[in-house]
Asks: 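Please read through the structure below; I'll follow up with questions.
Computed from a predicted structure; not experimentally measured. Here is how names work: the chains are called A, B, and so on, in the same order as the sequence lines, proteins then strands, and each is numbered from 1.
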There are 2 protein chains.
Amino acid sequence: MSAARPRFREQFLQAREDAIVESVNRLLAEKGFEAMTVDEVVADVGIAKASLYKHFTSKEELAAAAMVKVLDRALDELARLRGLELNALGRLQAVARWAYEQQIAGQMPALPSQNSTLRAALVGDKAYMDRLVQLSDELGGWILEAQGQGHLNAALPPELVLYTLFARACDPVLGVLRASGAHSDAQIVDWLVTTCFKGLAG
Amino acid sequence: MSAARPRFREQFLQAREDAIVESVNRLLAEKGFEAMTVDEVVADVGIAKASLYKHFTSKEELAAAAMVKVLDRALDELARLRGLELNALGRLQAVARWAYEQQIAGQMPALPSQNSTLRAALVGDKAYMDRLVQLSDELGGWILEAQGQGHLNAALPPELVLYTLFARACDPVLGVLRASGAHSDAQIVDWLVTTCFKGLAG
DNA sequence: GTCTATAAAGCGATAGAC
DNA sequence: GTCTATCGCTTTATAGAC
């Protein structure tokens with residue numbers, strides 16, 4: 001163990017890890033897990049591949065680190081929303097809006113639900129699972145509250161509502177609609193929040 | 001050109017191609033485009049890889065052939081629905097229901113919207129594009145009709161409704177809800193059709 | 001057209017010098 | 001810890017005999 005200025009060294013390494021995770025987050029949002037290569041990540045950060053593997057032992061662990069970060073941002077947003085004067089439905093709609101805005105900003109990593117080795121790495125990651133459970137618990141509470149107030153369809157199982165919110169956070173409709181270039185980002189987000197909660201019907 | 005029983009030979013080759021496309025369709029529905037390997041396809045059909053490449057010149061072309069088949073099935077369903085006594089909204093809901101049932105049956109191939117080489121192969125495939133345009137046109141007409149009758153939210157651009165229907169056909173919510181094992185397939189389909197058209201709100 | 005065998009390339013991960 | 005160089009594996013695609 002070196003004794004000389006361990007603080008500086010520590011901070012430098014932490015900053016490098018943050019840079020890696022930030023690149024991974026952006027690349028995952030851009031192209032998804034399978035299309036993202038470790039070579040791209042290291043080229044983007046400007047380090048050698050072997051250096052990256054000193055910080056993270058696998059590509060899956062990289063993705064897990066990015067997911068931890070996005071879950072932290074989501075939990076921060078939930079905390080912020082609790083401080084506002086909104087009912088449960090309003091908070092849930094605000095969460096959906098936040099997720100769409102993250103996606104527009106290129107900050108919403110997209111992971112394939114099919115990849116088994118990735119899923120195994122995620123469920124084995126305590127930092128990830130803890131945050132996922134906490135997020136699900138808090139949202140679950142809001143869902144029950146909104147259903148009790150008659151603001152959410154009480155005939156739907158809360159888990160269905162929760163899964164739907166998670167799925168809509170990565171809704172590909174946003175991307176194709178945005179690529180058409182015919183509407184503003186704000187307009188698109190409004191429409192998507194509307195269709196999520198009120199559906200397509202008139 | 002051989003002159004001996006060309007009909008039989010032709011039919012045999014057609015049957016083999018059909019078997020290939022059927023395998024591709026199932027594997028695409030199971031694991032998606034990137035996770036599906038050509039080796040799996042040929043192992044499933046029981047032929048050599050070089051034989052497959054005599055019928056299809058690339059993995060992308062395989063996927064396109066599977067998409068043509070599923071679009072044909074969709075167009076057949078649209079023709080069937082036109083013969084029923086349903087208004088435009090009812091037909092659109094029936095199409096959504098049909099798509100969910102295809103997904104449950106493992107017959108709805110899932111293609112990544114990000115893969116650029118795949119997209120290029122698809123837009124360059126006339127058979128695929130013709131069917132996609134025809135399907136979009138017919139659904140677009142129903143959407144306008146339902147909006148005119150006040151049964152669909154007329155404030156939403158028709159393209160948004162169309163993209164949403166396409167996206168919901170591959171909605172991952174169905175898979176995770178089904179994996180939980182707590183509900184019947186019919187119940188899940190009903191819920192998803194409801195959330196698609198009426199949203200989560202009560 | 002179908003087969004066996006192999007080429008060609010991409011990618012995740014690591015060895016070993018510094 | 002970081003680098004260069006490379007391993008080892010997977011996967012797409014093809015060559016050449018039959």
Asks: Is it the case that the side chains of A:R26 and A:Q107 hold a donor-acceptor pair, with the cut-off being a distance below 3.5 Å and no angle test?
Replies: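 No, no side-chain donor-acceptor contact under 3.5 Å.
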Asks: Distance-only criterion, 3.5 Å: show the donor-acceptor pairs between side-chain atoms of residues 133-146 of chain A and protein atoms not counting sequence neighbours.
Replies:
{"from": "A:S136", "atom 1": "OG", "to": "A:L132", "atom 2": "O", "distance (Å)": "2.9"}
{"from": "A:E138", "atom 1": "OE1", "to": "A:R82", "atom 2": "NH1", "distance (Å)": "2.4"}
{"from": "A:E145", "atom 1": "OE1", "to": "A:R91", "atom 2": "NH2", "distance (Å)": "3.1"}

Asks: If only side-chain N and O atoms count, and only distance matters, is there a donor-acceptor pair under 3.5 Å linking A:E61 with A:H55?
Replies: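 No, because no side-chain N or O of A:H55 sits under 3.5 Å from a partner of the opposite role on A:E61.
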Asks: Going by atom types alone, do B:N25 and B:S23 pair a side-chain donor with an acceptor below 3.5 Å?
Replies: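 Their side chains do not contain a donor-acceptor pair, so the 3.5 Å distance test is not met.
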Asks: How do A:T57 and A:A35 order along DNA chain C: which one's closest nucleotide is nearer the 5' end?
Replies: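 First, find each residue's nearest nucleotide; the 5'-ward one identifies A:A35.
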Asks: Checking side chain to side chain contact (heavy atoms under 4.5 Å, CB included) against A:L52, which of A:D39, A:V41, A:V24 comes through?
Replies: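 Among the candidates, only A:V41 passes.
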Asks: Between A:R131 and A:D125, does any NZ, NE, NH1 or NH2 come within less than 4.0 Å of an OD or OE carboxylate oxygen?
Replies: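 Between A:R131 and A:D125 there is no salt bridge, as every charged N stays at least 4.0 Å from the carboxylate O atoms.
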Asks: Should B:Q93 and B:H151 be marked as a side-chain hydrogen bond (donor to acceptor under 3.5 Å, both in side chains) after you check the CA-CA gap, both sets of side-chain angles, and the distance that decides it?
Replies: CA-CA 11 Å; B:Q93 287 175 328; B:H151 297 159; over 6 Å; no
Asks: 5'-most contact on DNA chain C: A:E60 or B:L52, nearest heavy atom basis?
Replies: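 Taking each residue's closest nucleotide, the earlier one in sequence belongs to B:L52.
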Asks: Protein within reach of the bases, or only the backbone? For nucleotides 3-10 of chain C, mark each nucleotide 5' to 3' as B, S or -, using heavy atoms under 4.0 Å.
Replies: BB------
Asks: Residues from residues 17-31 of chain B sitting under 4.0 Å of DNA chain D, heavy atoms only?
Replies: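 Heavy-atom contacts with DNA chain D come from no residue of residues 17-31 of chain B; none.
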Asks: For D:dA13, does either OP1 or OP2 sit under 4.0 Å from a side-chain N or O belonging to B:Y53?
Replies: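 Looking at the OP1 and OP2 atoms of D:dA13, one of them is under 4.0 Å from a side-chain N or O of B:Y53.
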Asks: Atom CE of A:M36 and atom P of C:dG12: how far apart are they, to the nearest Å?
Replies: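 Going from A:M36 (CE) to C:dG12 (P), I get 8 Å.
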Asks: Check this for me, if you would: do B:E22 and B:K69 make a salt bridge, where the nitrogen-to-carboxylate-oxygen distance has to be below 4.0 angstrom?
Replies: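 Answer for the salt bridge query: no.
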Asks: Distance check needed: D:dT6 P versus A:D39 CG, whole Å only.
Replies: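 Those two atoms, CG and P, are 16 Å apart.
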